Amino acid sequence: AEDSTPELLSVANSLDGDGNVLLTIAGSKLSGGIANYVVKVGDHDCKVTTATESQLVCILSAGPAGTFDVTVVVKNKGLARQPSAGTLQHTVSMQILSSTPSVGSLGGGTPVTVTGTGFPGSVEEWEGGSVMIAGSSCKVTESTYNQFQCITSVNAGSRRRKRSAAQIEITINGNTVSGGSFTYDSSVTPTLSSISPSSGSPLGGGVLTITGSALGAKWGSVLVGEEKCSLLTWMDTKITCTIPKNNHGQHSVYVSVAANGYADTTGVDKFTVDFKVTDITPRVGSSLGGTRVRIEGKGFGNCSDVSSIKLGDLMSCDVDECSDTKITCTTKRIGKVITTNNGGKHPQYGLGYVWNPKEITIQPGDSVKWLWTLTTKSKTTGINVHQTDSSSSNEYNGKGFSSGEKKASGGLQETFTAPGTYFFSSDSVFGVDLFMPGKITVVGDAADTVLDLEVNMTDISAFHDLATGASGDAFSQTDCTVVDTFTCATAPTAADKFQFKSATCLTPDVTSLAISSGPKNASVPSWGFED
């Protein structure tokens, strides 16, 4: 009935002794039973603690900053009517009520817990926002609507003054608030005085010795840049740890002292890792590999730790000579292995007598691997594979690849370096004209390909330093005479990395070969030309 419909008149807010937000909602025809209510502020609950027919008080659950509608449902009467002037609303303000601790290291690393209201509900929701203390950032690591924790960074003033007190300033979604208090205090700041050594390999290893003061007796942690330095010893004035792997660059050494944050590092050098490329020449070459190139840079050592040199996914580069600043290597096509087996189905004899697949398309440098097994075994039954002159021939051409005599099970792997069509077959599998022919098509690159240079030590890639440039030393090919400068392909000109162009116009094409001396059946490097 109309007379029993609860009505709302006003809403007011306050804080209790624990910092909780209390809403006092006035109205009429409400209920005296606190369990008889469902009160919502936006999507957030407000738990009723006291109630009469004209007023209720509820504790608002934590939520984000913003303005939200207030709704009241009296369970035995229904939804309360809003005032004629408009829906009741409550604004949750972002505010700082307190913070702890009040002091920390000039070097940063102190966890600061801030309580209040209207904070983002997760670390991800802080994206685009910031927390600043005395001009230095404080990285948020945990967050709820009414509390967050952040880790202080090194004080912007550092050694310039012994104490630097400031409020905590939050900026999020265009809103800025401040409150609480934190003091960067030199009296609680551990200090580093030296590190040794001050440089190392990208692969790490060896012992880093750190000296300082007020490092404490309780073990903390050490980072070189962002990488953990595994602790060996820890004393109040000296720490030792195992140098970690790291990328090229200068890395700050961070010492986190238990309960005191990071040590002040302004008096020590950064840890330097050199592993960079400054030039590659030439920057164009054959699409089939075989181009000799020189890579300049720093930190190569004697190349014993260089695990791979790659040009995109198309080529590797095999090291010929190496020093700490120069590598000479020869490009080589990275081949794939395609496997075929005798799993195809013959229309008359069934499974086991047709290659699967029997027609294969590959690129130069790829390999084909034949595998076979027959369940029927006899002296006259078996499979082999050999090159033939055409699709209509089953006989070995005497020049190409061959697995030899037929066997009940076996295999052969052959690498194809030149574009073209190659036919193959088996001998008769058993006492009928049952042959297993097939075809391989090697397709060369139709266009030039630009490849990114990669010089790696395990999972660490050398930095590309395009600013330093080449040494200026001439790159002479001592074992050959230049007869053509091959200007048909231009070098790539990326602004952020070194690249190499695999050029089709620089790929040699052998059309004939003749043996001028030696035995008639002498072997030559490329099958297909043997006599």
Side-chain angles (χ1 to χ4, degrees), residues 277-297 308-321 326-338 360-368 400 414-423 439-455 464 466 469-514 524-530:
V277 174
T278 56
D279 185 53
I280 176 174
T281 186
R283 300 189 186 185
V284 294
S286 169
S287 61
L288 296 183
T291 303
R292 200 172 185 213
V293 301
R294 181 185 68 189
I295 300 168
E296 294 184 301
S308 67
I309 302 173
K310 296 176 64 180
L311 297 168
D313 294 325
L314 191 65
M315 295 186 185
S316 60
C317 203
D318 294 340
V319 175
D320 300 317
E321 300 175 17
K326 292 180 184 178
I327 298 173
T328 302
C329 60
T330 303
T331 62
K332 179 181 179 181
R333 190 96 177 197
I334 297 174
K336 298 178 182 178
V337 178
I338 291 81
I360 301 167
T361 300
I362 59 175
Q363 291 185 307
D366 291 346
S367 299
V368 175
E414 188 72 21
T415 300
F416 295 80
T417 59
T421 301
Y422 304 86
F423 300 100
K439 181 176 73 172
I440 297 167
T441 303
V442 182
V443 180
D445 296 337
D448 296 349
T449 306
V450 175
L451 308 168
D452 293 344
L453 170 65
E454 251 186 52
V455 181
H464 287 215
L466 278 77
S471 64
D473 296 340
F475 179 41
S476 58
Q477 304 279 10
T478 57
D479 54 352
C480 67
T481 302
V482 176
V483 295
D484 194 334
T485 56
F486 297 112
T487 57
C488 64
T490 57
T493 56
D496 60 343
K497 63 185 70 174
F498 290 104
Q499 295 179 317
F500 179 90
K501 181 181 287 185
S502 166
T504 57
C505 73
L506 296 181
T507 302
D509 184 14
V510 178
T511 57
S512 67
L513 185 149
V524 293
S526 176
W527 56 260
F529 292 111
E530 290 92 332

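Just the heavy atoms: all of them, side chains too, but no hydrogens, waters or symmetry mates, feed the values below. Remember, predicted model here, so these are calculated numbers, not experimental data.
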Ser502 and Ser287 side chains, donor-acceptor separation under 3.5 Å: no
Donor-acceptor pair, side chain of Asp445 and main chain of Ala503, under 3.5 angstrom: no
Worked verdict on Asp496 versus Leu466 for side chain to side chain contact (heavy atoms under 4.5 Å, CB included): CA-CA 7 Å; Asp496 60 343; Leu466 278 77; 5.8 Å; no
Considering all heavy atoms, the nearest Cys488-Leu506 contact: SG-CD2, 3.7 Å
Intermediate values then yes/no, side chain to side chain contact (heavy atoms under 4.5 Å, CB included), Phe500 and Thr291: CA-CA 11 Å; Phe500 179 90; Thr291 303; 4.3 Å; yes
Thr417/Leu288 under side chain to side chain contact (heavy atoms under 4.5 Å, CB included): CA gap, chis, key distance, verdict: CA-CA 7 Å; Thr417 59; Leu288 296 183; 5.9 Å; no
Spatial distance of atom CD (Glu321) from atom SG (Cys329) [nearest 0.5 Å]: 11.0 Å
Heavy-atom pair of closest approach, residues Phe498 and Ile280: CB-CG2, 4.0 Å
Side chain to side chain, Phe416 and Asp366, heavy atoms closer than 4.5 Å: no
Interatomic spacing from SG in Cys317 to NZ in Lys332 - rounded to 0.5 Å: 11.5 Å
Qualifying salt bridge (Lys or Arg N to Asp or Glu O under 4.0 Å) pairs with a residue from residues 279-290, counting only residues at least two apart or across chains: Asp279-Arg283
Name each donor-acceptor pair under 3.5 Å that joins a side chain in residues 308-316 to protein atoms two or more places apart or in another chain, with its distance.
| from | atom 1 | to | atom 2 | distance (Å) |
| --- | --- | --- | --- | --- |
| Ser308 | OG | Asn456 | ND2 | 3.0 |

Any Val284 side-chain heavy atom under 4.5 Å of Thr490 side chain: no
4.5 Å side-chain heavy-atom contact, Arg292 and Thr330: yes
Nearest atoms (heavy-atom pairs only) where Lys501 meets Ala489: CD-CB, 4.4 Å
Lys326 atom NZ, neighbour heavy-atom count above 12 within 6.0 Å: yes
Gap separating the CD1 atom of Ile440 from the CD1 atom of Ile362, nearest 0.5 angstrom: 6.0 Å
Side chain to side chain contact (heavy atoms under 4.5 Å, CB included) assessment of Leu453 paired with Lys497: CA-CA 8 Å; Leu453 170 65; Lys497 63 185 70 174; over 6 Å; no
Interatomic distance, Tyr422 atom OH to Ile360 atom CD1 [nearest 0.5 angstrom]: 14.0 Å
